[in-house]
Amino acid sequence: MSLLFAEYGIHTHYYDPSKKNIEALQSHAKESKHEDKITYHDDHKSLCEALEDGDKPKVFIIDALEPYLKPGDIIMDASNEHWKATERRQARLEPKGIHYIGMGVSGGYQSARHGPSISPGGSKEALDKVFPFLQKIASKDKKGQPCVAKLGPGGCGHYVKMIHNGIEHGMMTALCEAWAIMNIGLGMDYEEIGTVFEKWNGDKERPLRDNFLIDIGADICRTKDEKGNYVLANVRDKVVQDVDNSEGTGTWSVQEGTRLHVPDPTIAVSHLFRVASADAARRLTVSKALNGKGVKPARIEGVDKDKFLEDLYNAVYASFLMCFIQGLHVLSKANEENDWKLDFADVLQLWRNGCIIQSDGIADLLETVYRSREHDNDDLLGHQTIAGELAKTYPSLKRVEAELDYFGAHMFDLKTAEPGKPVTGKHHFEWKPARGILETDD
C-alpha cells in the first residue's frame, strides 16, 4: 500500500521491524521510481516526529507509538484484526483524544498495490478526516465510485472485513467443488475448465458476471510454469492459515454465527473443510489405513455435458448467493447488538471491486433487495426476489446432487513433496504481478 500511496503523490513514512519487508519495499520503490515518496524510519520516535506536520494519518503499534502521540492523532489499523480488540484499543485511546480506526482492507496484495476495497469503522470525527484520503486510494467500481464507506462506530469496519472473508471461504469451497466435478467427474482438462469459467464470468446477462474468483479461476487453470507445465497440477490441496493462526477471520466468522444463533452452514462447513485440509499427512495416513476401501470419485457417465454444465452453473450461483446471504445475516445480528447503524447498501458498495468476493450480478440483486421497502435484514430469504432466484436454481441443485450421489461423495505445498505438517507452504507462484495504477501488462 505504501507504493499505492506514493503513486497518488502521498509521501509515506514507515517503520517495519522486518528487514526482509524493508528491503522488499525499498526495492519495489526503486523499480517503480517512487523512492522520493517513501521514507523508512528505524524507530517510532523519528516516525512520529516526521509526521507532525499536517494531518497525515499515523499508523502502527500502539504500545510503541503511544508515548509520541498527541490529541487529535489518528491510527488506522489495516490488519485482519478481531473487532473486539479494535474496540478495546479505541476505549484505551479515546480518553486521550487519540482516534483509532479499525480498517478492513480487502483484495490481497494485488489490490493493496492497485487499489483495495476499504471498510473503516471508528468515531465520526476520525472517519470524516480520513475519508477523502481513503476515497482517493480505494478501488473504483465500473461507474467510478470508490469502494469505501464511512461504515460506523466501534469495531464495525473489522467486523465487515471478517464477514467478507467468511463469505470468501464459502465461495472458494463451492468453486473448488465445481472444478473437481468438471475435472474428475466429466474428465475435462484445465484448458476446458478455464474456458467454462471464462464463459461464466463473461456473460453480462447472467448472475455470475464479473465475479473475481471465477475470473482468476480461469487464469489459474491455464497458467503454466517456465517448463510448460500447468502450475495447478502440482498444488497440494492444503490450506493452513486457519490452523496456524496466521489468519483468523474465517474462524471468527463461524464463531460469530454460532454466538449470535444465525445459521450459516455454507460458511461453517467450508471453514471445516479448510481446517481438515491443513493436515495433509494425517489425511494420507487415513487413506492408507482404508486400504483402497474408501469412497473414490469416479467419472460421470451418460449425461448431456452441456446440460450438466448448465446445472453446475446454477448450483454454483445458488451456493455463492447463499454465502452472501448467510454472511449478511450474521452481520445484521451484530449490527443490531452493537447499534452500529450500518447501511447495507454501503456494505455492498465496498464489495463492488478490489476485493475477493466481487460478484456484480449478486451485488446488483442484493442492492435491489436492500433498497426495497419490504426487506428484512434478518431474513433475506423471505424476500420474494431472492426466493425467486433460489427457486430457479433448485432443480439444477437436485440434478447435480443426484449425479454426485451416483459416483461418490495463500502459499501452497507441492504434490511432489511430502504432505508434511499443517504449517505454511513454501511455494508461491506469481499468477499475475501486483501492478500499480499506471502500470500495464505490456
Q.
Distance alone, cut at 3.5 Å: any donor-acceptor contact between the side chains of Asp237 and Ser277?
A. no
Q. Between the side chains of Thr393 and Asn314, does any donor sit under 3.5 Å from an acceptor?
A. no
(Q) Test your reading of the model: is there a side-chain donor-acceptor pair from Thr223 to the backbone of Asp219, 3.5 Å cut-off? (A) yes
**Q.** Audit row: Ser246, Gln241, side chain to side chain donor-acceptor pair (under 3.5 Å) steps and yes/no
**A.** CA-CA 5 Å; Ser246 60; Gln241 289 93 328; 5.7 Å; no
Q: In sequence, state the C-alpha distance, the side-chain angles, and the governing distance for Arg259 and Glu256, and then conclude on salt bridge (Lys or Arg N to Asp or Glu O under 4.0 Å).
A: CA-CA 5 Å; Arg259 184 183 71 83; Glu256 281 295 286; 2.9 Å; yes
Q) Under 4.5 Å between any side-chain heavy atoms of Phe344 and Glu367, yes or no? A) no
Q. Regarding His164 and Ser119, is there a side-chain donor-to-acceptor distance under 3.5 Å anywhere?
A. no
Q: Answer yes or no: are there more than 12 heavy-atom neighbours, outside Glu94 itself, under 6.0 Å from its atom CD?
A: no
Q | From CZ (Phe273) to OG1 (Thr173), nearest 0.5 Å | A | 7.5 Å
Q. Side chains of Gln255 and Ser253: do they bring a donor and an acceptor to under 3.5 Å?
A. no
Q: Working to the nearest 0.5 Å, report the span between CD of Gln90 and CD1 of Ile75.
A: 10.5 Å
Q) If you measure from the Lys or Arg side-chain nitrogens to the Asp or Glu carboxylate oxygens, is any gap between Lys305 and Glu310 under 4.0 Å? A) no
Q) How far apart are the C-alpha atoms of Glu389 and Lys392, what are their side-chain angles, what is the distance that settles it, and do they pass the salt bridge (Lys or Arg N to Asp or Glu O under 4.0 Å) test? A) CA-CA 5 Å; Glu389 286 295 293; Lys392 289 187 290 188; 2.8 Å; yes
Q: If a pair satisfies salt bridge (charged side-chain N to carboxylate O under 4.0 Å, His left out) and one of its residues is in residues 143-156, list it, with sequence neighbours excluded.
A: Asp128-Lys150
Q.
Within the 4.5 Å heavy-atom criterion, are Ile356 and Ile167 side-chain neighbours or not?
A. no
Q | Derivation of the side-chain contact (heavy atoms from CB on, under 4.5 Å) call for Ile220 and Val235 | A | CA-CA 11 Å; Ile220 289 169; Val235 176; over 6 Å; no
Q) Does Arg399 make a cation-pi contact with Phe308, if we ask for NZ or CZ under 6.0 Å from the ring centre and within 45° of the axis? A) no
Q) Would you say the side-chain atoms of Ser270 and His169 include a donor-acceptor pair closer than 3.5 Å? A) no
Q: Answer whether the closest heavy-atom distance between the side chains of Leu151 and Tyr159 falls below 4.5 Å.
A: no
(Q) Treating Asp264 as the side-chain partner and Ala268 as the backbone partner, does any N or O pair qualify as donor plus acceptor under 3.5 Å? (A) no
Q) When rounded to the nearest 0.5 angstrom, what distance separates SG in Cys221 from CG in Asp189? A) 9.5 Å
Q) Is it the case that more than 12 heavy atoms not belonging to Gln384 sit under 6.0 Å from its CD atom? A) no
Q: May I ask you to decide whether Lys333 forms a salt bridge with Glu337, counting only side-chain N to carboxylate O separations under 4.0 Å?
A: no
Q) Can you check whether Val105's main-chain N or O pairs, donor with acceptor, with Lys161's side chain at less than 3.5 Å? A) yes
Q) If you draw a 6.0 Å radius around NZ in Lys124, do more than 12 non-hydrogen atoms from other residues or ligands fall strictly inside? A) no
Q.
Could you go through Arg89 and Asp77, starting from their C-alpha distance and side-chain angles, then the distance that decides it, and tell me whether this counts as salt bridge (Lys or Arg N to Asp or Glu O under 4.0 Å)?
A. CA-CA 10 Å; Arg89 292 169 187 150; Asp77 181 353; 3.5 Å; yes
Q: Flag yes if more than 12 heavy atoms outside Tyr230 fall under 6.0 Å of its OH atom; otherwise flag no.
A: yes
Q.
Taking side-chain contact (heavy atoms from CB on, under 4.5 Å) as the criterion, tell me which of Arg352, Lys136, Gln135 meets it with Pro146.
A. Gln135
(Q) When you compare the side chain of Lys30 with that of Gln26, does any pair of heavy atoms fall below 4.5 Å? (A) no
Q. Quick one: are Glu336 and Lys341 in side-chain contact, heavy atoms under 4.5 Å?
A. no
Q. Does the side chain of Leu350 come within less than 4.5 Å of Ile118's, by heavy atoms?
A. no
Q: Applying side chain to side chain donor-acceptor pair (under 3.5 Å), run through Asn80 and Thr249 and close with a yes or a no.
A: CA-CA 7 Å; Asn80 277 331; Thr249 51; 4.9 Å; no
Q) Hey, is NZ on Lys204 packed in by over 12 heavy atoms from elsewhere, all under 6.0 Å? A) yes
Q: State, yes or no, whether a side-chain contact exists between Val231 and Tyr190 at a heavy-atom distance under 4.5 Å.
A: no
Q) Just by modelled atom types, is the Leu328 backbone N or O under 3.5 Å from a matching donor or acceptor in the Ser332 side chain? A) no
Q. Does the side-chain contact (heavy atoms from CB on, under 4.5 Å) test come out yes or no for Leu380 and Val369, once each step is laid out?
A. CA-CA 8 Å; Leu380 297 175; Val369 170; 4.1 Å; yes
Q) Would you say Asn183's side chain and Met188's backbone share a donor-acceptor pair under 3.5 angstrom? A) yes
Q: Mind checking the CG-OG1 spacing from Leu390 to Thr385? Nearest 0.5 Å is all I need.
A: 11.0 Å
(Q) For the residue pair Gln349 / Asp141, report whether a side-chain donor-acceptor contact shorter than 3.5 Å exists. (A) yes
Q: Would you check, one step at a time, whether the test salt bridge (Lys or Arg N to Asp or Glu O under 4.0 Å) holds for Arg209 with Asp360?
A: CA-CA 6 Å; Arg209 64 182 178 274; Asp360 282 2; over 6 Å; no
Q) Just how far is it from atom CG of Leu365 to atom CD1 of Ile386, taken to the nearest 0.5 Å? A) 5.5 Å
Q: Mind checking the CE-CD1 spacing from Met171 to Ile214? Nearest 0.5 Å is all I need.
A: 7.0 Å
**Q.** Nearest non-hydrogen partners of Leu208 and Tyr313, listed with the distance
**A.** N-OH, 3.1 Å
(Q) Any non-hydrogen side-chain atom of Val275 less than 4.5 Å from a side-chain atom of Val243? (A) yes
Q: Please step through side-chain contact (heavy atoms from CB on, under 4.5 Å) for the pair Leu381 and Asp379, ending with a clear verdict.
A: CA-CA 5 Å; Leu381 292 172; Asp379 187 18; 4.0 Å; yes
Q. Is a side-chain donor or acceptor of Asp215 paired with a backbone partner of Asn211 at a separation under 3.5 angstrom?
A. no
Q: Would you tell me whether Thr86 and Glu81 have side-chain atoms, one donor and one acceptor, within less than 3.5 Å of each other?
A: no
Q. Looking only at atom types and distance, does a side-chain atom of Gln145 sit under 3.5 Å from a main-chain N or O of Lys140, one as donor and one as acceptor?
A. no
(Q) Aromatic contact between Tyr317 and Trp200, with the criterion being ring centroids under 6.0 Å apart: yes or no? (A) no
Q) Yes or no on ring pair (Phe, Tyr, Trp, His ring centres under 6.0 Å) for Phe197 and Trp179, after CA distance, side-chain angles and deciding distance? A) CA-CA 9 Å; Phe197 284 162; Trp179 181 92; 8.6 Å; no
**Q.** With Asn353, the side-chain contact (heavy atoms from CB on, under 4.5 Å) member among Ser117, Ser139, Pro116
**A.** Ser139
Q. Is it true that a side-chain atom of His158 and a backbone atom of Gly155 form a donor plus acceptor pair closer than 3.5 Å?
A. no
